[in-house]
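Read through the structure below, which is laid out as C-alpha cells, and then see the notes.
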2 protein chains.
Amino acid sequence: MSNKEITIKDVAKLAECSPTTVSRVINNSDHPVSKDTAEKVEAAIEKLNFSPNRIAQGLKSDRSNIIGVIVHDICDSYFAQMVKGIEEFISGHEYIVNIYNTSRSVEKELHAFNLLKANRADAIVLAGGALMNKEYEQKMRSMIDQLKNQNTLVLGITPHPFDVKNIILGNDKAIEVITDKVIEYGHHKIAYIDGPKKLYTSYLRKKGFKRSLEKNGIALDENLIFEGDFSFDGGRKAALKISKKMDLVTAIVAANDSTALGAMWELNNQNIKVPEQISVVGIDNLPEAKYSYPSLTTIEIPIYQLGTNIGEYLLNRLNNECDYQFKDIKTKLIMRDSLKKI
Amino acid sequence: MSNKEITIKDVAKLAECSPTTVSRVINNSDHPVSKDTAEKVEAAIEKLNFSPNRIAQGLKSDRSNIIGVIVHDICDSYFAQMVKGIEEFISGHEYIVNIYNTSRSVEKELHAFNLLKANRADAIVLAGGALMNKEYEQKMRSMIDQLKNQNTLVLGITPHPFDVKNIILGNDKAIEVITDKVIEYGHHKIAYIDGPKKLYTSYLRKKGFKRSLEKNGIALDENLIFEGDFSFDGGRKAALKISKKMDLVTAIVAANDSTALGAMWELNNQNIKVPEQISVVGIDNLPEAKYSYPSLTTIEIPIYQLGTNIGEYLLNRLNNECDYQFKDIKTKLIMRDSLKKI
DNA sequence: TTGTAGGCGTTATCAC
DNA sequence: GTGATAACGCCTACAA
C-alpha cells in the first residue's frame with residue numbers, strides 16, 4: 001500500500017461505480033442507490049479502510065466540526081470537569097473538542113480566538129469567565145462580530161459583555177445563600193476571600209456576599225475582605241493573614257472551593273482548628289471538597305452536568321434546532337463539617 | 001457585511017492584484033513581491049479582517065494542524081497536567097489540541113482514533129496507557145497502519161505494543177526506587193495497592209515493586225497485594241481492607257499518588273495514624289500530594305514538563321526535523337511526612 | 001514582479 | 001439509478 005491517501009475515487013474504482021454514488025452511500029443520501037451497488041460500495045470501503053476526508057467535507061460544507069473551549073487552566077478541577085462533560089457529549093457526535101488554557105491572559109485568549117477563527121470553528125465556549133479589561137472587551141467585540149459573519153456560535157459561561165449567548169450560573173445568588181447560612185449559624189464576624197480581581201465572576205460572587213451581609217444587617221468591614229485568585233495557594237496566603245486576626249473573625253466565606261481548601265490547609269498548618277475556632281465555606285463542590293479535613297460545606301454547582309448541557313445545546317443549535325433552550329443547572333447547599341454553629 | 005466568508009479573492013480585489021500574490025504575501029513566500037503590492041495586500045487583509053481558511057489550506061497541504069491527545073480522564077490531575085503542557089507548547093505554534101476522555105474503554109479509544117483518522121490528525125498522543133486486551137491490540141495495530149499511510153505521527157506514553165514511538169517513563173524503576181526506600185526505613189511487611197488490571201502501566205509498576213522486594217530478600221505475600229484503579233476511591237477501598245489487617249502491614253506502596261491519597265484519607269477516617277501506625281508512599285508527585293495529611297512521600301514524575309517535551313518533539317518531527325530526539329524527563333524521590341522509619 | 005490554470009477530496013446540481 | 005461537472009478556498013506549477 002502506498003503512502004497516498006485513500007479517496008472516494010479509489011472506493012469508486014473498486015466498487016465499479018462513480019465517486020458520486022460512493023458519496024451517496026457514505027452520507028445515507030435520499031437519492032436512490034440500488035442495494036447491489038450500495039453493498040459493493042460498503043465492501044470496498046471496508047476493504048480499503050476508507051474514511052471520508054473531513055477536511056475536504058469541511059471545505060465543501062463550510063463546517064469544521066471543531067468546537068473550541070477556552071479555559072483558564074485545565075488543571076483546575078472546575079474546568080476539567082466542565083471540559084469532560086462537553087467532550088463526552090460532543091465527541092460521541094463526530095465533533096472535535098479543542099481546548100485552550102489561557103491563564104486569563106488577554107493575549108492568550110485573543111490568540112486562541114484567532115486560531116479558532118482561522119480554523120473556522122463551528123462553536124466556541126468561553127468557559128474561563130469574562131476578563132474586566134477595556135482592551136480585551138474591545139478586541140473581543142470585534143472578533144465576535146467576525147465570528148458571527150463566519151456563522152460561529154459563541155457561548156459565554158457566566159455573563160460576558162459581548163453579544164453572545166450567555167449562560168447564567170447564578171454565582172452571586174449562590175454566595176448569598178451560603179453566606180446567609182453562615183450568618184444563620186450565628187456568625188457575624190465574617191472574612192471573605194475574593195477571586196481574581198480581573199474576573200467578572202469574582203465581582204459577581206463578592207456582590208452576593210455583600211448582599212447577604214446587608215440583608216442581615218451586618219456592616220461590611222473592608223478589612224475583612226482578603227485578596228485571592230481562585231486557587232489553593234491564594235486561599236493559603238489569605239488564611240495566613242486571617243490567622244493573625246483571629247479575634248476579628250469567626251468564619252470565612254471563600255469565593256470558591258479551591259480557595260476554601262487552601263485556607264483550611266493553612267489554618268490547620270497554623271494550628272487553628274476548623275470548625276472549632278473558625279468556620280470555612282466555599283462554592284463549587286469540587287470532588288475534593290468531600291475529602292478535605294474537615295469536609296467542606298459548600299454550594300454544589302454541577303459542573304460536569306453543566307458541561308454535558310453545553311454539549312447538548314451546541315449540538316442542537318449546530319443542527320439548526322433554533323428553538324432548543326439551554327437546560328439550566330441547579331445549585332444546592334451541601335452541609336458538611338467545616339461550618340459550625342456558635 | 002454579508003454572511004459570506006471572506007476569501008483570498010476578496011483581498012485580491014481590494015488590493016488590486018491576483019489571489020496568487022495575496023497567497024504569496026500570506027505565506028512569506030520566496031517568490032518576490034514588490035513592497036508596494038505587499039503593503040496594499042497587508043492593508044486589505046487588515047481592513048477585511050481576513051484570515052486564511054485553514055481547512056482549505058489543509059486540503060491542499062494534506063495537513064490538518066490537529067494534534068489528538070487521548071487520555072483516560074482529563075479530571076485526573078496526572079492527565080490534566082500533561083495535556084496542559086502539550087497544549088501550552090503546541091498552541092503557540094498554530095496547532096490545535098484535540099482531547100478525548102476514553103475511561104480506558106476499548107470502544108471509546110477506537111472511536112477517538114476513527115475521528116482522528118477521519119480528521120487527518122497530524123499527530124496522536126496515546127497518553128492514557130496501553131490496554132491489555134487482545135481485541136484492542138489487534139484493532140489498534142490495524143488502525144495504526146492506516147494512520148501511518150496517512151502520515152500521522154503516533155506517540156505512545158509508556159510502552160505500547162504497537163509500532164509507534166514509545167516514550168519510556170521508567171515506571172517500574174520509579175516504584176523500585178521508592179520501595180527500596182521503604183525497606184531501607186525498616187519496613188518488611190509492605191502492602192501494595194495495584195493499578196487497573198487492564199493497564200500495562202499497572203503491570204510495569206507492580207513489576208518494579210516485586211523486583212525491589214526480591215532484591216531485598218523479602219518474600220512476596222500475594223495477600224498483601226490489593227486491587228486498585230489509580231483513583232482516590234480505589235485507594236480508599238483498598239485501605240479499608242488493609243485497615244483490617246494492621247498486624248500484617250507496616251507500610252503501603254501505592255501504584256500512584258491518587259491511590260495513596262485515597263488510602264491515607266481512609267486510614268485517617270478509620271483512626272489509623274499515618275505515619276505513626278503505618279507508612280504510605282505513592283508515585284507521580286501530583287500537586288495535591290504536598291498538601292495531604294500527612295504530606296506524601298512519593299516519586300516526582302514531572303508531568304507538565306513531559307507535556308511540553310511531547311509538544312516540542314511533535315513540533316520538530318512535524319517540521320521534518322527527523323533527527324530531533326525526545327527530551328527525557330527525570331524522576332526524583334520526594335521525601336515528605338508519610339514515610340517513617342521503624 | 002505578476003498572473004493563469006489546475007487540483008487537493010468532497011458534494012450539489014444537473015443530466016441521462 | 002447512475003454519473004459527469006463544477007465548486008468550496010487555497011496553493012503550486014508554469015507562463016508572461
Side-chain angles (χ1 to χ4, degrees), chain A residues 2-41 44-45 48-65 94 117-122 149-151, chain B residues 2-41 44-45 48-65 94 117-122 149-151:
Chain A
S2 89
N3 219 354
K4 177 110 180 42
E5 175 160 5
I6 292 162
T7 79
I8 208 170
K9 286 183 193 165
D10 301 313
V11 177
K13 200 170 290 172
L14 188 61
E16 296 173 310
C17 67
S18 73
T20 310
T21 306
V22 177
S23 172
R24 293 206 254 256
V25 173
I26 291 169
N27 300 299
N28 291 314
S29 152
D30 289 340
H31 197 103
V33 175
S34 79
K35 205 167 182 179
D36 222 46
T37 330
E39 274 164 13
K40 277 206 286 186
V41 170
I45 288 174
L48 297 173
N49 283 314
F50 167 78
S51 42
N53 184 329
R54 296 189 67 98
I55 305 234
Q57 290 180 320
L59 181 60
K60 208 43 203 151
S61 63
D62 207 21
R63 289 289 205 110
S64 62
N65 299 302
E94 312 273 297
K117 183 193 167 201
N119 281 288
R120 304 301 189 259
D122 290 342
N149 283 326
Q150 255 179 227
N151 274 320
Chain B
S2 92
N3 218 356
K4 177 109 182 40
E5 175 161 4
I6 292 162
T7 79
I8 208 171
K9 284 185 197 164
D10 301 313
V11 178
K13 200 170 291 172
L14 188 59
E16 295 174 310
C17 66
S18 75
T20 311
T21 306
V22 177
S23 173
R24 296 206 252 258
V25 174
I26 292 169
N27 299 299
N28 290 314
S29 153
D30 290 338
H31 197 103
V33 175
S34 79
K35 204 163 181 183
D36 220 49
T37 331
E39 273 165 15
K40 277 206 286 188
V41 170
I45 289 174
L48 297 172
N49 283 313
F50 167 76
S51 42
N53 185 330
R54 296 190 68 97
I55 306 230
Q57 290 179 319
L59 182 60
K60 199 59 193 134
S61 64
D62 207 20
R63 290 289 205 107
S64 62
N65 299 302
E94 311 274 297
K117 184 192 166 200
N119 280 288
R120 305 298 189 261
D122 289 342
N149 283 326
Q150 258 182 219
N151 275 320

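To find a chain, count down the sequence lines: A is the first, B the second, and so on, and within it residues start at 1.
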Checklist entry - Hey, does the side chain of B:Ser18 come within less than 4.0 Å of C:dT2's phosphate (OP1/OP2), counting only N and O? => result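 So the side chain of B:Ser18 is outside the cut-off, no N or O lying under 4.0 Å from OP1 or OP2 of C:dT2.
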
Next on the checklist: Using OP1 and OP2 only, check whether a side-chain N or O of A:Ser34 sits under 4.0 Å from D:dT2.
Outcome noted: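 The answer is yes; a side-chain N or O of A:Ser34 sits under 4.0 Å from OP1 or OP2.
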
Whole angstrom value for the distance that separates [atom2] of [N] from [atom1] of [X]:
| X | N | atom1 | atom2 | result |
| --- | --- | --- | --- | --- |
| B:Glu16 | C:dG3 | CD | P | 10 Å |
| B:Asp10 | D:dG9 | CG | P | 9 Å |
| B:Ile55 | C:dT11 | CD1 | C1' | 15 Å |
| B:Gln150 | C:dG9 | CD | P | 11 Å |
| B:Leu59 | C:dG7 | CG | C1' | 9 Å |
| A:Asp30 | C:dA12 | CG | P | 11 Å |
| B:Lys13 | D:dG9 | NZ | P | 12 Å |
| B:Asp62 | C:dT10 | CG | C1' | 14 Å |

Can you tell me how far apart [atom1] ([X]) and [atom2] ([Y]) are? Round to the nearest 0.5 Å.
| X | Y | atom1 | atom2 | result |
| --- | --- | --- | --- | --- |
| A:Ser18 | A:Arg24 | OG | CZ | 6.5 Å |
| A:Asn119 | B:Arg54 | CG | CZ | 5.5 Å |
| B:Glu16 | B:Thr37 | CD | OG1 | 10.5 Å |
| B:Gln150 | B:Ser64 | CD | OG | 9.0 Å |

Next on the checklist: Can you confirm whether B:Pro52 sits close enough to B:Ile26 that some side-chain heavy atom of one is under 4.5 Å from a side-chain heavy atom of the other?
Outcome noted: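 A side-chain contact under 4.5 Å exists here.
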
Check nucleotides 10-12 of chain D against the protein and report each pair of N or O atoms closer than 3.5 Å, with its distance, or say if there are none.
{"from": "D:dC10", "atom 1": "OP1", "to": "B:Asn53", "atom 2": "N", "distance (Å)": "3.0"}
{"from": "D:dC10", "atom 1": "OP2", "to": "B:Ile8", "atom 2": "N", "distance (Å)": "2.6"}
{"from": "D:dC11", "atom 1": "OP1", "to": "B:Asn27", "atom 2": "OD1", "distance (Å)": "3.4"}
{"from": "D:dC11", "atom 1": "OP1", "to": "B:Asn27", "atom 2": "ND2", "distance (Å)": "3.3"}
{"from": "D:dC11", "atom 1": "OP1", "to": "B:Gln57", "atom 2": "NE2", "distance (Å)": "2.7"}
{"from": "D:dC11", "atom 1": "OP2", "to": "B:Ser23", "atom 2": "OG", "distance (Å)": "3.1"}

Next on the checklist: Base, sugar-phosphate or nothing for B:Thr37? Non-hydrogen atoms, less than 4.0 Å.
Outcome noted: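 The residue B:Thr37 makes sugar-phosphate contact but no base contact.
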
Item to check | Any side-chain donor near an acceptor of the partner, B:Thr20 and B:Ser23, under 3.5 Å | outcome: no

Checklist entry - Do you see a donor-acceptor pair shorter than 3.5 Å between the side chains of A:Glu5 and A:Asn53? => result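 A:Asn53 and A:Glu5 do have a side-chain donor-acceptor pair below 3.5 Å.
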
